[in-house]
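Just so it is clear: chains get the letters A, B, ... in the order the sequence lines come, proteins before strands, and each one is counted from 1.
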Amino acid sequence: MASQAHDAGGATGYIVHHLTPLSTGEGFWTLHLDTLFFSVILGGLFLLVFKKAADQATSGVPGKFQNCIEMIVEFVDTQVKDSFHGTSKLIAPLALTIFIWVFFMNAMDLIPVDLLPMVGSLMGMEYMRVVPSTDLNATFAMSLTVFLLIIFYSIKIKGVIGFSKEMLLTPFGPWLMPFNLLLKVVEEVAKPISLGLRLFGNLYAGELIFILIALLPWTIQPLLSIPWALFHILIITLQAFIFMVLTIVYLTMAHEDHG
Amino acid sequence: MSINATLIGQMITFAVLIWFTMNYIWPPLMKALEEREKKIADGLAAAEKAREELATAEQQAQDAYAEAKKEAAEIIEMARKQSADIVAEAKQTAQREADRIAQTAQAEITREVEQATEILRADVSRLAISAAQKILRQEIDESKHREILNDVANQLGSAS
């Protein structure tokens, strides 16, 4: 694969090839098929594994698989309970979904960079980018959903008037209303943008480094790719964890009355 | 890198995942976890209770043992006293019997001695009289000594 890419434009060609999604459609209505495909597959895997655990769940002695799933669930539940003290049917399952789904999507990073694209090219697909979280669409889809939930819960808990007051009167009181609104809008909009960009940036950079390592002669590739992969296990988990915790924190803030 | 319709697709996927997790994954898992937590707590409480009960039972057994030991000691003490009493009583009875027998024997002896004395006295007076008669028949005039003889005879008779 690497030699083909070199033929088609050297190292730059190889990198660009690897970072170009398999897409269909024009303009805004372009669909990144690889992103959609892998994220749906990984989401399905998440549901399958956890549904199995949920079906098996009894109050009896858990097996190893059951124990593992329940440990994750309890971990997420602890995170939620640490910051969020109200009752919400949504936040904990949302946090679990984010944690596992993001983790799975990030974990695609650890598959050798050329493996799946090679399989894809054998099946006639010209481009393939296997890590969905290196697609801004995937990360912003999550952060925007979280943003919508923040707005929804802010209005639901505080009421339209309460939410408007918070937007207009804090932090500087009624005399600086437009300035307050500007600050607040920036504050709120910064949440989804930072969430989405953080995850995207980390994974995009990580994937890029894997691609760069793949460009090196095969004799020194393992020397670099193995430490980077090991380090990346940390990044993968950490980014999934950060996304989850920040979501919990933002939603907790939406539930609390600051006005 | 561009934002496009993939975003919408991803949001739909995400929403479906959240919906499914919220309805079919989180509740049964949490229910099972809470039930297990309760079960374990109950089990621990039951174990604690059993431990307490065991301690109580042990205490009771110890008390009963001490009680029994005390009772046994009392019974032994009583038996010892009773046996001592019986021995003492037997000793007393024997002593009394011995005394009685001795007394009877003493009385018998006294009586027999008296009897013998009586017989002896009668014999002696008779012999004395006959001896005196023999002596007097040769020397005294009956008429002369009648009075003295009568007197002696009277004395012997009263003595006998």
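- Among B/Ala32, B/Ala15, B/Pro27, the residue making the largest number of heavy-atom pairs under 4.5 Å with chain A is B/Ala32.
- With sequence neighbours excluded, no residue forms a side-chain contact (heavy atoms from CB on, under 4.5 Å) with A/Met71.
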| message | Run B/Ile8 and A/Trp29 through side chain to side chain contact (heavy atoms under 4.5 Å, CB included) and show every step you take. | response | CA-CA 10 Å; B/Ile8 298 165; A/Trp29 294 107; 4.3 Å; yes
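- Of all heavy-atom pairs spanning A/Ser39 and B/Gln10, the tightest one is OG-OE1, 2.6 Å.
- For the pair B/Arg36 and A/Thr58, the tightest heavy-atom approach, listed with the atom from each and the gap, is NH2-O, 2.9 Å.
- Between atom OG1 of residue A/Thr145 and atom CD1 of residue B/Ile12 there is a gap of 10.0 Å, rounded to the nearest 0.5 Å.
- Interface check for chain A: of the options B/Lys39, B/Glu37, B/Met11, the most heavy-atom pairs under 4.5 Å are formed by B/Met11.
- Options A/Thr20, A/Ile69, A/Thr35 differ in how many heavy-atom pairs under 4.5 Å they form with chain B, and the most are formed by A/Thr35.
- For A/Asp77, the parts lying under 4.5 angstrom from a heavy atom of chain B are both the backbone and the side chain.
- Between chain B and the residues A/Ala53, A/Pro93, A/Pro62, the most heavy-atom pairs under 4.5 angstrom are made by A/Pro93.
- Listed here is the closest heavy atom pair of A/His32 and B/Thr6: N-OG1, 2.7 Å.
- Atom OH of B/Tyr24 has 12 or fewer neighbouring heavy atoms from other residues, nucleotides or ligands inside a 6.0 Å radius.
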### Task
With side chain to side chain contact (heavy atoms under 4.5 Å, CB included) as the test, would you mind laying out the steps for A/Leu31 and B/Asn4 before giving the verdict?
CA-CA 7 Å; A/Leu31 285 175; B/Asn4 53 36; 5.8 Å; no
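- Of the two parts of A/Leu148, only the side chain, counted from C-beta on, holds a non-hydrogen atom closer than 4.5 Å to a non-hydrogen atom of chain B.
- Considering only heavy-atom pairs separated by less than 4.5 Å from chain B, the leading option among A/Pro132, A/Gly27, A/Ala92 is A/Ala92.
- At a 4.5 Å heavy-atom cutoff, the contact between A/Gln66 and chain B is made by side-chain atoms alone.
- Rounding to the nearest 0.5 Å gives a distance of 9.0 Å between CG of B/Asn23 and NZ of A/Lys89.
- Rounded to the nearest 0.5 Å, atoms CD (B/Glu34) and OG (A/Ser59) are 12.0 Å apart.
- Here the shortest heavy-atom pairing between A/Phe28 and B/Ile3 reads CD1-O, 4.1 Å.
- To the nearest 0.5 angstrom, A/Asp55 atom CG is 9.0 Å from B/Leu29 atom CG.
- Around CD of B/Glu112, the count of heavy atoms belonging to other residues, nucleotides or ligands within 6.0 Å exceeds 12.
- Annotation for B/Glu89: atom CD does not count as buried by contact number, only 12 or fewer foreign heavy atoms lying within 6.0 Å.
- The two atoms that bring A/Ala54 and B/Ile25 nearest to each other are CB-O, 3.9 Å, heavy atoms only.
- To the nearest 0.5 angstrom, B/Ile18 atom CD1 is 6.5 Å from A/Leu90 atom CG.
- Heavy-atom pairs under 4.5 Å with chain B were tallied for A/Ser23, A/Gly60, A/Gly25; the largest tally goes to A/Gly60.
- Residue with the most contacts toward chain A among B/Glu35, B/Met22, B/Met30: B/Met22 (heavy-atom pairs, distance under 4.5 Å).
- Under the 4.5 Å side-chain criterion, counting only non-hydrogen atoms from C-beta, B/Thr13 is in contact with A/Trp101.
- Contact tally against chain B (heavy-atom pairs below 4.5 Å) for A/Leu36, A/Val61, A/Leu144, A/Thr139: the top residue is A/Leu36.
- Between B/Trp26 and A/Phe50, a ring centre-to-centre spacing not shorter than 6.0 Å is recorded.
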